[in-house]
Amino acid sequence: MEYDFREIEKKWQAYWAANRTFRAEEDPSRPKYYVLDMFPYPSGAGLHVGHPLGYIASDIYSRYKRLCGFNVLHPMGYDAFGLPAEQYAIQTGQHPAVTTARNIARYREQLDRIGFSFDWSREIRTCDPEYYKWTQWAFLKMFGSYYDNDLQKARPIEELTAAFETRGTEGVNAACSRELPFTADRWKSMSDREKSDVLMNYRIAYQGETAVNWCPKLGTVLANDEVKDGYSVRGGYPVEQKKMTQWQLRVSAYAGRLLDDLEALDWSDSLKDMQRNWIGRSEGAEMVFRAINGDAEYDMTIFTTRADTVFGVTFMVLAPESEWVEKLTSPEQKAAVEEYLAAAKKKTERERLSETRKVTGVFSGSYAVNPLTGDRVPIWISEYVLAGYGTGAIMAVPAHDSRDYAFARRFNLPIIPLIEGCDVSEAAFDAKEGVMCNSGFLNGLTVKEAIPAAIEYVESHGIGRRKVNYRLRDAIFSRQRYWGEPFPIYFKDGIATPMPFESLPLELPEVDKYLPTESGEPPLGRAEHWDVDGWPIEKSTMPGFAGSSAYYLRYMDPHNGKALVGREANEYWRSVDLYVGGTEHATGHLIYSRFWNKFLYDLGCVCEKEPFRKLINQGMIQGRSNFVYRIVNTNTFVSAGLKADYETTEIHVDVNIVHNDRLDLEAFRNWMPEYRNAEFILENGEYVCGHAIEKMSKSMYNVVNPDKVCDTYGADTLRLYEMFLGPVEQSKPWDTKGIDGVHRFLRRVWRLFHERDVFTVSDEAPTPQELKTLHKLIFKVKTDIENFSFNTAVSAFMIAVNELYEHKCSKRAVLEPLVVLLSPFAPHIAEELWEKLGHSGSVSGAEFPEYVESYTEEDSCTYAVSFNGKTRFTVDLPKSMTREEVDSHVRGLDQTEKYVAGGKIVKVIVVPGKIVNIVVK
RNA sequence: GCCCGGAUGGCGGAAUCGGUAGACGCGUUGGUCUCAAACACCAAUGUCCGAAAGGAUGUGCCGGUUCGACCCCGGCUCCGGGUACCA
């Protein structure tokens, strides 16, 4: 019987489904292990061979953990709300729910063919009302909470209201958008509307005006991580800055904890670094400068990390969007300032970025008083100061900050050097080193001493205070789109009012079109009866990251109608032990999810501080594109080797009609009507295509479908090959060159169990040699899986099987453990062989073979003999030999004499089991 | 600019602790089987010199530590990722 992978794979996939082999149940008698993949967005294009890479790795790990006796939770679901389905709906009028369901069915079919051990009974979809009920629930909880900076945790907003009733903002240390102190009497005199506005300043989910990334083409706002280089990540449309009122999540309140708790996580250093940079902690001081505009005077606070340079302040700068701009513009400068603001406002985010380092600015007409020197310095307005960071105003020290330096040069402002011997004639001296001068009481101190000394002075003189700032901004949480979770909020007399928990889910209403309304409202503005007792319901929907922020919790208890996750299920599964996914989520999903989890932790809803204990980032599988070269203005195509002789256009050609870079001419003519009559200029009778490594995408015609690989080679070959390609973490192009080798290996495994196509295993006792092969493999596979080094594990299988094959070993005592070892990697063939070995039930119920060290021990060991560091020959010696015995043995060898040749042995170095190094003089 | 990775044969990649560099697979070449092809199997395969034995050389570049360096240290070059007026 030949290795018929088609039959075998179909048979066992059906078996797993029918027997619910991978169903997980809470079982306190067994240790748990939770393996999670980042769930996919089901796009219309289906899966390509790059998508399953991480799923295969996590599946191998899950199956391995099962063999080790763990109760493994390994679920899968779909991140089903999102832009592409909505845009497709706009074009075709088809309801996104319909296309999404269709795409999910297709994904499921493709996933099933690869033989994953998912527990499908726990499947979730973020667009399912029974699921997004809990997304809405969490939002309402955030709406009903504030962040207490003293306790460092979220608390019910009622506690804050109670504090306001008795003492106003006195002694309240809560995260807020802006500090607006008031007394208890003032609070009591406020209208409901005013109170609502005040509370919005503190809620963890709040509505507030802020500069947002507005994408006109998509008609929606976007979060910072959804914008890259001034374009939307989805779609690639230009994005501009705009001031708008939006729902936001006070993620910034958690910045410190998000940073500190990173330490204990088993994540790669590079990913932790990305998050650290994104959170961007910087230690410094807030300092108050007296600002004077004619007769009016104000206390203006700035933030600096270089309090030591305050003696070198020669001007101040405000962000164009800063609220100080209005107060500090003098009548004489009003026209100039307004012109500058208008020009700045008109620029798109992209223009602002492309004009990086181009210095612009305008004088406000006001002055500030340096609190340490009493000097009056001018206040300017410039784009290089950001409204969203610090206080939106800075003290400028051109001698020691290159941005301030560029500005000072451009507008001829004075530059005062503060460090002995530094040269500021050409550039600023940014380094935090040297000895201070021109700095009053700081003179003579090094910079490292001066910074704390300056802060201490400032604090003790009431000029300012120590302050830690974070770069991390609050997340903009509303999108002007249809296909997302509706907000369970309505506006009663204009006051944002939560809908009761019992009314959830608030289901997405039907609309006639998926476009904004004529008056510019989001698509939900088209819904009929989108109100509560006549009060309008919020018309924005939640962003993509809402549904993916707590999905790992829902898998623990997916059918619970009373809670996101029941206490018992949560205390058993706790958190994800292993999370596998791409680095593209480093500053998005992985921040939001950690924030969301911490919030639920504060509420006592979950028992772990962090959602994902260990994280593996799988690399991307890139496409390998092929090109043909059309001679300009003809329908003639010239082979790659000859294209230099012609003027040609490079055209992507479908990689599925190219084999080993040779074009299938007939298939090409049939590919598209315009190539029907194509002519070719061949080399050696073949058309050779050009190639390049690019992102795998439909438009590059380089997409390889896993179904096709399963058809020709089988799922087990696909799984092994994707692992064999290289380290999981590494990005690599999909290149089918080596796939035959992997397939050959599986056929060889099959033949190990068969003699002339008849299943044959013997009960003979294995030889020491065979036991050694087996136990070396057990050890290697175990350590490789635990280190996520699947490529070397596959190599180890190949070596072991080659050795067994050479000795025609068909002994049960060797082959049975081999099947178990192989089962995480190639589960279908393993199940089939396991059954043939006489077992009933799945191999996943077997035990991982125990490694016996004594079988692999060598009685002799090989020494490599080197002279002056260069290895010359090797010698096998008994392991029992002592260092001295090896020494004298090697000295006495014939070969040794040859290499000593006239010289004298100075030193012999013996490293047990490794090498003998002989130094000759 | 700043932060983090990486660079090893014709190719993908091994070498997990400073100890025989190039495992394993692909490709290539030669051979066995076959009427032939496919499949399978065997052998060779870093580079240079040599018929061979053997020798020289070799992990991006320059230098250092060490008996010994792909690995550690210092200085570069190039490539990839993140981030970008964050005061």
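Chain A is the first sequence line, chain B the second, and so forth, proteins listed ahead of strands; every chain is numbered from 1. No hydrogens, no waters, no symmetry mates; every other heavy atom, side chains included, goes into these values.
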Are any side-chain N or O atoms of [X] and backbone N or O atoms of [Y], one a donor and one an acceptor, separated by less than 3.5 Å?
X        : Y        : value
A:Thr210 : A:Val212 : no
A:Thr314 : A:Pro414 : yes
A:Thr717 : A:Tyr713 : yes
A:Thr301 : A:Glu286 : no
A:Asn787 : A:Thr783 : yes
A:Lys448 : A:Lys432 : yes
A:His585 : A:Gly581 : no
A:Asp308 : A:Ala454 : no
A:Lys732 : A:Gln622 : no

Nearest-0.5 Å distance that lies between atom OG1 in A:Thr304 and atom NZ in A:Lys467
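Spacing of OG1 (A:Thr304) from NZ (A:Lys467) equals 13.5 Å.
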Work out how far the [atom1] atom of [N] is from that of [M], and round it to whole angstrom.
N     : M     : atom1 : result
B:C33 : B:A37 : C1'   : 12 Å
B:U16 : B:G80 : C1'   : 24 Å
B:A51 : B:C62 : P     : 32 Å
B:U29 : B:G10 : C1'   : 13 Å
B:A14 : B:A7  : P     : 9 Å
B:C61 : B:U8  : P     : 10 Å
B:G50 : B:A56 : C1'   : 11 Å
B:U20 : B:G13 : P     : 23 Å

Which residue lies toward the 5' end of RNA chain B, A:Met274 or A:Glu806, if each is placed at its nearest nucleotide?
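Between the two, 5'-proximity favours A:Glu806.
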Taking for each residue the nucleotide of RNA chain B with the nearest heavy atom, is it A:Val794 or A:Met395 whose nucleotide lies nearer the 5' end?
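So the residue in question is A:Val794.
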Do A:Arg471 and A:Trp278 meet the cation-pi criteria used here (NZ or CZ under 6.0 Å from the six-membered ring centre, within 45° of the axis)?
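So A:Arg471 does make the cation-pi contact.
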When you measure from the centre of the six-membered ring of A:Trp750, is the NZ or CZ of A:Arg744 under 6.0 Å away and within 45° of the axis?
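Checked: cation-pi criterion not met.
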Counting only Watson-Crick or G-U wobble pairs whose two distances fall under 3.5 Å, which nucleotide matches [N]?
N     : value
B:U45 : B:G27
B:U32 : B:A40
B:A14 : none
B:G80 : B:C4
B:C85 : none
B:C70 : none

Would you classify A:Ile799 as touching base, sugar-phosphate or nothing, given that sugar-phosphate means primed atoms plus P, OP1 and OP2, and contacts are heavy atoms under 4.0 Å?
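Counting heavy atoms under 4.0 Å across all strands, the contact made by A:Ile799 is with sugar-phosphate only.
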Base, sugar-phosphate, or nothing: which does A:Asp740 touch, judged by heavy atoms less than 4.0 Å apart?
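Nothing, no heavy atom under 4.0 Å.
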For the pair made of [atom1] in [X] and [atom2] in [N], what is the distance, rounded to whole Å?
X        : N     : atom1 : atom2 : value
A:Glu321 : B:C85 : CD    : P     : 12 Å
A:Asp273 : B:G6  : CG    : P     : 13 Å
A:Asn277 : B:G5  : CG    : P     : 12 Å
A:Phe797 : B:C24 : CZ    : C1'   : 13 Å
A:Asn802 : B:C42 : CG    : P     : 8 Å
A:Leu590 : B:G82 : CG    : P     : 15 Å
A:Glu283 : B:A87 : CD    : P     : 12 Å
A:Tyr389 : B:A84 : OH    : P     : 14 Å

Using a distance-only test with no angle check, is there a side-chain donor-acceptor pair under 3.5 angstrom linking A:Asn469 and A:Ser282?
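No - no donor-acceptor pair under 3.5 Å links their side chains.
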Between the side chains of A:Tyr405 and A:Asp430, is a donor N or O closer than 3.5 angstrom to an acceptor N or O?
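A:Asp430 and A:Tyr405 do not have a side-chain donor-acceptor pair below 3.5 Å.
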Syn or anti for B:C17, please, going by whether the chi angle lies within 90° of 0.
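The base of B:C17 is oriented syn (glycosidic angle within 90° of 0).
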If anything within 90° of 0 is syn and all else is anti, what is B:G9?
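That one's syn.
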N/O (side chain, A:Tyr384) to phosphate O (OP1/OP2, B:A87) under 4.0 Å
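The answer is no; no side-chain N or O of A:Tyr384 sits under 4.0 Å from OP1 or OP2.
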Encode nucleotides 10-17 of chain B as B, S and - characters from 5' to 3', where the letter depends on protein heavy atoms closer than 4.0 Å: B to the base, S only to sugar-phosphate, - to neither.
-SBSS-B-
Report all interatomic pairs (protein N or O, nucleotide N or O of nucleotides 37-40 of chain B) with separations under 3.5 Å.
unit_1, atom_1, unit_2, atom_2, d
B:C39, O3', A:Arg747, NH2, 2.8
B:A40, OP1, A:Arg747, NH2, 2.2
B:A40, O3', A:Arg751, NH2, 3.2

Distances under 3.5 Å between nitrogen or oxygen atoms of protein and nucleotides 72-76 of chain B:
none

Of the nucleotides B:U83, B:C24, B:C85, which has the atom closest to the A:Leu386 side chain?
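Out of B:U83, B:C24, B:C85, the nucleotide with an atom closest to A:Leu386's side chain is B:C85.
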